[in-house]
Amino acid sequence: LVLNQPIARQGEKPAPSAGRTQRRANSPVEWPCSMLDVGKWPVFALLPPEELRLIRQACVYGSAANEALYVTVNDEVFALGTNCSGCLGLGDVQSTIEPRRIDILCGKKIVSLSYGTGPHLLSPHTDGEVFAWGHNGYSQLGNGTTNHGLIPALVSTNLLNKKVMEVACGSHHTIALTTDGEVFAWGYNNSGQVGSGSTANQPTPRRVSSCLQNKVVVNIGCGQLCSMAVLDNGEIYGWGYNCNGQLGLGNNGNQQTPCRIAALQGASIIQVACGYAHTLALTDEGMVYSWGANSYGQLGTGNKSNQALPTLINTEKERMVEVAACHTSHTSAARTQSGQVMMWGQCRSQAVASPHLTHFSSTDDVFACFATPAVTWHLLTVDGDDYLTVAQSLKREFDSPEISDLKFMVDGKSIHVHKALLKIRCEHFRALLNDSDEAAIEIHQFSYLVYRAFLEYLYTDAINLPPEDAIGLLDLATYYREARLKRLCQETIKRGIAEDNAVKLLSAAVKYEARDLEEFCFKFCVNHLTAVTQTQAFTDMDHELLKNFISKASRYGAFKN
């Protein structure tokens, strides 16, 4: 059977949700989803295996990494540890070596969690509410008092009609990012870290305006006594304590309101991570800049000299996709596009002054094994490998000839699949295979690489394809009317954008009506306008596309002085 014509795809039906079950703590319940591997953190060592298998999210914090919070598959929330300042949220200050449930947070769907060194904790939830508890000597809980919070309480002042999507804590101050791109701050303010224009402590949330007014923030971070914000246009701002140059402004003066890091004007920042007194920033091209304190080599520059201006780190031309740091330590880490993890800075009391390639698969492992204290730098959500889930079993059987009942022939190569799974997963194949008893199907329209990636996606829900090859898969997704695959292709392509291919990707996005990718590529081209316009691809750009690009870029303000 030769296949080269598309079949109309019907609307996708949402998968039925698994029924939630109730359980008691430590009861042996099996659950068909990936669990979190927390074995590298000693605070979890006494938990029985049946309890560990239920953990879906976790955070380790405290001055000695002796406190922890975790969320189970049932959305129950538990805490254990020394409970300094009531930071476990259990209603008392009693330490506990066994997990105790935090009733008020159960079922709340925590999306992130951040902690200060008091410690105090903030947790936003999927509904946009944010809860706070723990140390409150400087009003870092945002409730207008200095009384410690023994149980999680809703942060309401000025946030009731806002949806908080991310929080970041310094030593004793807090900043929160809303879905509208606004930043609110409160707590300790001796160095201007709440961005209010003074050094008076801020007892309740207050919007950080000044030069952030009418701008959209997409990412935030906190050092011990400073705050950082990344804008949707790639600009980055800092405020607060700056005696080590951690604001990247080229001086060592504290800043009481947000100030743009002018030295990064030519770069488009997409993520910021703050250490104790140093800062890391990741660009949309996968480059990493660092600045601030460097006595442990945490800037990765090969020396121990502080830097008041952003310095590009040599990562052997590997594209980075994540940077990691924590305000409680002098440790830095980053993950490459190929999945390799590098670390530098204070690593088990050793000073590592240049990025060191590790055997880890996650930046989380760096902080578990080498940071002091060994706390988590964000809320953990790593999958475990205790057993094969349904999804893992299907993934293992992809392109396995042993029990397959159909093969596709593409470019002279075979891909072994299962008719039943294809009919379940794709309306295109449901219609095609119901009318065919063929054991082999030839494909001529797409390459082997692209079609194999498509079939593998049906088994795994993921794209196993380099960004530069995903354009062909985007073509297939458009042709077969696979909306979700089309979205995943766009996200994959974004990770591979660079100045020399941005125009090509923009053209592909327009051709395949990939609106989100088109907007992303357009913004990238505008942010790197000089370099992009000097490429051959820009010279060869389709006349109509060029005309539309210039018109839109002009409205965007790209040609203003």
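The first residue in the sequence is number 1, and the count goes up from there.
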Chemist: Do T539 and Q536 touch side chain to side chain, with heavy atoms closer than 4.5 Å?
Modeler: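 Yes, close enough: below the 4.5 Å cut-off.
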Chemist: Starting at CD1 of I463, measure out to CG of L488 and round the result to the nearest 0.5 Å.
Modeler: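 Here the rounded value is 4.5 Å.
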Chemist: Tell me, yes or no, whether the heavy-atom count around D437 atom CG, taken from other residues, nucleotides or ligands under 6.0 Å, exceeds 12.
Modeler: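 No.
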Chemist: Test salt bridge (charged side-chain N to carboxylate O under 4.0 Å, His left out) on D542 and K511 and set out the steps.
Modeler: CA-CA 11 Å; D542 173 78; K511 177 180 179 181; over 6 Å; no
Chemist: Salt-bridge test for E182 and K162: reply yes if a basic N is under 4.0 Å from a carboxylate O, no otherwise.
Modeler: yes
Chemist: Strictly distance-based, threshold 3.5 Å: is any side-chain N or O of Q340 a donor or acceptor partner for the main-chain N or O of L357?
Modeler: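 It does not hold such a pair.
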Chemist: Can any side-chain N or O of R319 pair as donor or acceptor with the backbone N or O of R495 at less than 3.5 Å?
Modeler: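 Checking the backbone N and O of R495 against the side chain of R319, a donor-acceptor pair under 3.5 Å is found.
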Chemist: Could you walk me through whether Y479 and Y512 pass the side chain to side chain contact (heavy atoms under 4.5 Å, CB included) check?
Modeler: CA-CA 9 Å; Y479 193 64; Y512 300 121; over 6 Å; no
Chemist: Going from CD1 on I236 to CD on Q265, what distance comes out if it is rounded to the nearest 0.5 angstrom?
Modeler: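 Going from the CD1 atom of I236 to the CD atom of Q265 covers 14.0 Å.
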Chemist: So do Q490 and L505 actually touch side chain to side chain, heavy atoms under 4.5 Å?
Modeler: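 No, side chains not in contact.
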Chemist: Is the H428 ring parallel, tilted or perpendicular to the Y480 ring (thresholds 30°, 60°)?
Modeler: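 Because their plane-to-plane angle is under 30°, the rings of H428 and Y480 count as parallel.
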Chemist: Hey, what do you get for OH (Y459) to NZ (K395), rounding to the nearest 0.5 Å?
Modeler: 14.0 Å
Chemist: Apply salt bridge (charged side-chain N to carboxylate O under 4.0 Å, His left out) to the pair D284 and K494, showing each step before the final yes or no.
Modeler: CA-CA 9 Å; D284 60 354; K494 286 178 185 179; over 6 Å; no
Chemist: Do E322 and T363 get their side chains close enough for a donor-acceptor pair, meaning under 3.5 Å?
Modeler: yes
Chemist: Is it the case that the side chain of W344 and the backbone of S354 share a donor-acceptor pair, with hydrogens and angles ignored and the cut-off at 3.5 Å?
Modeler: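 Pair absent, no side-chain N/O of W344 close to backbone of S354.
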Chemist: For N219 and V272, indicate whether the former's side chain and the latter's backbone hold a donor-acceptor pair under 3.5 Å.
Modeler: yes
Chemist: From L379 CG over to R56 CZ, what is the distance, rounded to the nearest 0.5 angstrom?
Modeler: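 Nearest 0.5 Å value for the CG-CZ distance: 9.5 Å.
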Chemist: Looking only at heavy atoms, what is the nearest atom pair of F429 and K423, with distance?
Modeler: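 Shortest heavy-atom separation between F429 and K423 comes out as O-CG, 3.8 Å.
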Chemist: Can you tell me how far SG of C489 sits from CG of L465, rounded to the nearest 0.5 angstrom?
Modeler: 7.5 Å
Chemist: Any non-hydrogen side-chain atom of L485 less than 4.5 Å from a side-chain atom of L473?
Modeler: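 Side chain of L485 against side chain of L473, heavy atoms only: contact under 4.5 Å found.
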Chemist: For V375 versus W41, what's the shortest heavy-atom pair and its separation?
Modeler: C-NE1, 4.1 Å
Chemist: N233 side chain to E235 main-chain N or O, any donor-acceptor pair under 3.5 Å?
Modeler: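 Checked: pair present.
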Chemist: Okay, side chain of S112, backbone of E166: is any donor-acceptor separation there less than 3.5 Å?
Modeler: no
Chemist: Side chain of T72, backbone of E76: donor and acceptor closer than 3.5 Å?
Modeler: yes
Chemist: According to the interplanar angle, ranging from 0 to 90°, do the rings of Y451 and F446 count as parallel (below 30°), tilted (30 to 60°) or perpendicular (above 60°)?
Modeler: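 Parallel: the ring planes of Y451 and F446 meet at under 30°.
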Chemist: Which atoms form the tightest heavy-atom contact between S268 and G234, and what is the distance?
Modeler: OG-CA, 3.5 Å
Chemist: Can you tell me if D411 has over 12 outside heavy atoms packed within less than 6.0 Å of its CG?
Modeler: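 Enclosed: over 12 neighbouring heavy atoms sit under 6.0 Å from CG of D411.
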Chemist: Please report the C-alpha distance between K547 and E544 in whole Å, then the side-chain angles of each, then the deciding distance to 0.1 Å, and finally whether the salt bridge (charged side-chain N to carboxylate O under 4.0 Å, His left out) criterion is met.
Modeler: CA-CA 5 Å; K547 185 173 70 173; E544 190 65 25; 3.7 Å; yes
Chemist: Give a yes-or-no answer on whether the side chains of N501 and E468 include a donor-acceptor pair shorter than 3.5 Å.
Modeler: no
Chemist: When you check the gap from the basic side-chain N to the acidic O, do R487 and D516 get nearer than 4.0 Å?
Modeler: no
Chemist: Is there a side chain to side chain contact (heavy atoms under 4.5 Å, CB included) between I313 and L299? Walk through the geometry before answering.
Modeler: CA-CA 8 Å; I313 298 177; L299 299 187; 5.9 Å; no
Chemist: Check each of D127, D75, T126 against K109 using the side-chain hydrogen bond (donor to acceptor under 3.5 Å, both in side chains) test, and report the only one that passes.
Modeler: D75
Chemist: May I ask you to test the S507-L545 pair for a side-chain heavy-atom distance under 4.5 Å?
Modeler: yes
Chemist: Could you state the interatomic distance from CE (M541) to CD1 (I550), rounded to the nearest 0.5 Å?
Modeler: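 The distance works out to 8.0 Å.
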Chemist: Any chance you could lay out the ring-ring contact (aromatic ring centres under 6.0 Å, His included) test for F78 and F44, step after step, and finish with the verdict?
Modeler: CA-CA 12 Å; F78 292 84; F44 291 107; over 10 Å; no
Chemist: Could you report the tightest heavy-atom contact between L280 and A324, atom names first, then the distance?
Modeler: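 Here L280 and A324 meet closest at CD1-O, 3.6 Å.
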Chemist: With heavy-atom distances below 4.5 Å as the criterion, would you say the side chains of D364 and H378 are in contact?
Modeler: yes
Chemist: Between H416 and D405, is there a side-chain donor-acceptor contact under 3.5 Å, judged purely by atom types and distance?
Modeler: no
Chemist: What are the two closest non-hydrogen atoms of L422 and L433, and how far apart are they?
Modeler: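 The pair with the smallest heavy-atom distance is CB-CD1, 4.2 Å.
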Chemist: Any heavy-atom pair between the side chains of V77 and I110 that's under 4.5 Å?
Modeler: yes
Chemist: Looking at S404 and H418, would you say the former's side chain and the latter's main chain have a donor-acceptor pair under 3.5 Å?
Modeler: no
Chemist: Check this for me, if you would: do R452 and E456 make a salt bridge, where the nitrogen-to-carboxylate-oxygen distance has to be below 4.0 angstrom?
Modeler: yes
Chemist: We want to know whether S551 and R555 form a side-chain donor-acceptor pair, criterion being a heavy-atom distance below 3.5 angstrom.
Modeler: yes
Chemist: Cut-off 3.5 Å, side chains only: do E51 and Y70 have a donor facing an acceptor?
Modeler: yes
Chemist: May I have the step-by-step check of side chain to side chain contact (heavy atoms under 4.5 Å, CB included) for Y115 and C59, ending in yes or no?
Modeler: CA-CA 9 Å; Y115 54 84; C59 182; 3.8 Å; yes
Chemist: Apply side chain to side chain contact (heavy atoms under 4.5 Å, CB included) to T358 and M342, showing your working.
Modeler: CA-CA 6 Å; T358 73; M342 296 181 176; 6.0 Å; no
Chemist: Inspect the contact between E519 and K552 and indicate whether a charged nitrogen and a carboxylate oxygen are less than 4.0 angstrom apart.
Modeler: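 Salt bridge: yes.
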Chemist: Using side-chain heavy atoms (C-beta onward) and a distance below 4.5 Å, is Y448 in contact with K413?
Modeler: yes
Chemist: Any idea how W377 and F367 line up, ring-wise: parallel (<30°), tilted (30 to 60°), or perpendicular (>60°)?
Modeler: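 Tilted, since the angle between the ring planes falls between 30° and 60°.
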Chemist: Going by heavy atoms in the side chains, are M287 and L282 under 4.5 Å from each other?
Modeler: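 No, their side chains stay 4.5 Å or more apart.
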Chemist: Restricting to non-hydrogen atoms, name the atom on V217 and the atom on A229 that form the minimum distance, rounded to 0.1 Å.
Modeler: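 So the two residues come closest at CG1-CB, 3.9 Å.
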